[in-house]
Amino acid sequence: MKPKERVPFLLNHTNIDAFQDDLISWFKKEQRVLPWRENQDPYRVWVSEIMLQQTRVDTVIPYFNHFMSRFPNPKALADADEQEVLKAWEGLGYYSRARNLQNAVREVVESYGGVVPDDPDELGKLKGVGPYTKGAILSIAYDTPEPAVDGNVMRVLSRILYVEDDISKQSTRKLFEALVRELISKEDPSAFNQGLMELGALICTPKTPSCMLCPVQDHCRAFEKGAETELPIKASKKKQKKIPYLLLLIENDKGEVLIEQRPGEGLLASLWQYPMVPLEDVDEESVPVWMYGEYGLKVELGEKVDHVRHVFSHLIWEMDVVRAVVKSGSLDHERAKFVTPEAMLDYPFPVSHQKAHPYISP
DNA sequence: AAAACGGGGCT
DNA sequence: AGCCCAGTTTT
């Protein structure tokens, strides 16, 4: 059965008006004070929504404040250097969010006079603005009754309406969008959408929801059945592949250290790092040979100073951190250079490599 | 439809 | 170690 056909049945026992009232009243009373809630500036809402993708509120707050003071409006972000934007994003992860955001903001400045579009189709065409972010901007900044379905909303609504569909499927997100279109308050779509998400963050949490404090407990079919922790249903994902590396802290005779910029696409695109030897392809004893081939440098390996294990969503880096010194040769590599330890800190580094900074820093 | 794409917090 | 989090893009 298609989403639209299922909606009437799923909402059959729900008092929509009462649900809206209970949710919105609770949100207006209990909502957290957050920097992006100071006003309805669409640019601020947009930046916050991008930062909040897969990222906790507490993590985002300092990044958001710094970002808004450095790039206060679309023009400021459009005019900035990409490396500077990445530096402001350093440590937040999912760095394509930053590059897509700047790409989209430049589009807004060039095509829409610096005003964030309030048209769903125009908004949805912007880089990095998917179904969720589009709905969030339209409802929160422009008071438009559009669904903004994220993981919180799916968890909350799966419990309230007892939906047992796998929330990792795209079709299930569409079902929840259709449900929200029926449920959403036309008077205050912003408070309704934010209320669903705030409820998911504060009350209807993944492991041990606080149902006794829930403002919509009376409307919740999962609570009625005592099955709130059984939902939502989500297919388990497979575990990450482990990849071993040697991370090299290479110093020259001037006390400078070798760093290189990663490729413009793919994992950690355009960020900087210390040279890494892929131990799946290179034997430990042939590392100097590999180094000479890749960088044109004869190096001598020194002491191993650390082991860093870094977990990504889809893989794990196991890195032995080893010191090395340049004996001879001249650097021959497109994207690598020697820098002083002080200058190094101006470059955006992934957290995995920041873990090795203490062995360099003066 | 599935995989790529970070990082941190909690259990 | 596994799961979760205010998702989107690419394949």
For [X], report the nucleic acid contact type (base, sugar-phosphate, nothing); a contact means any heavy atom under 4.0 Å.
X      : result
A/G200 : nothing
A/W36  : base
A/R262 : nothing
A/L92  : base
A/N100 : sugar-phosphate

I need the [atom1]-[atom2] distance between [X] and [N], as an integer number of Å.
X      : N     : atom1 : atom2 : answer
A/M197 : C/dA6 : CE    : C1'   : 6 Å
A/R173 : C/dA6 : CZ    : P     : 16 Å
A/Q53  : C/dC4 : CD    : C1'   : 16 Å

Do any of residues 130-160 of chain A sit with a heavy atom less than 4.0 Å from DNA chain C, and if so which?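 A/G130, A/P131, A/Y132, A/T133, A/D150, A/G151, A/N152, A/R155, in order of number.
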Looking at A/Y162, does the NZ or CZ of A/K225 lie under 6.0 angstrom from its six-membered ring centre and within 45 degrees of the ring axis? yes
Can [X] and [Y] be counted as an ion pair, charged N to O under 4.0 angstrom?
X      : Y      : answer
A/R6   : A/D165 : yes
A/E107 : A/K127 : no
A/R309 : A/E318 : yes
A/R173 : A/E177 : yes

Quick check for you: name the first and last nucleotides of DNA chain B, 5' to 3', having an atom under 4.0 Å from a heavy atom of chain A.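 Taking any atom under 4.0 Å from a heavy atom of chain A, the span is B/dA3 to B/dG8.
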Quick check: on DNA chain B, is the nucleotide nearest A/H314 upstream (toward 5') of the one nearest A/R56, or the reverse? Name the residue that is more 5'. A/H314
Can you say whether the rings of A/H357 and A/F349 are parallel (under 30°), tilted (30 to 60°) or perpendicular (over 60°)?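 It falls in the perpendicular class, over 60°.
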Pair A/F67 and A/F71, ring centroids less than 6.0 Å apart: yes
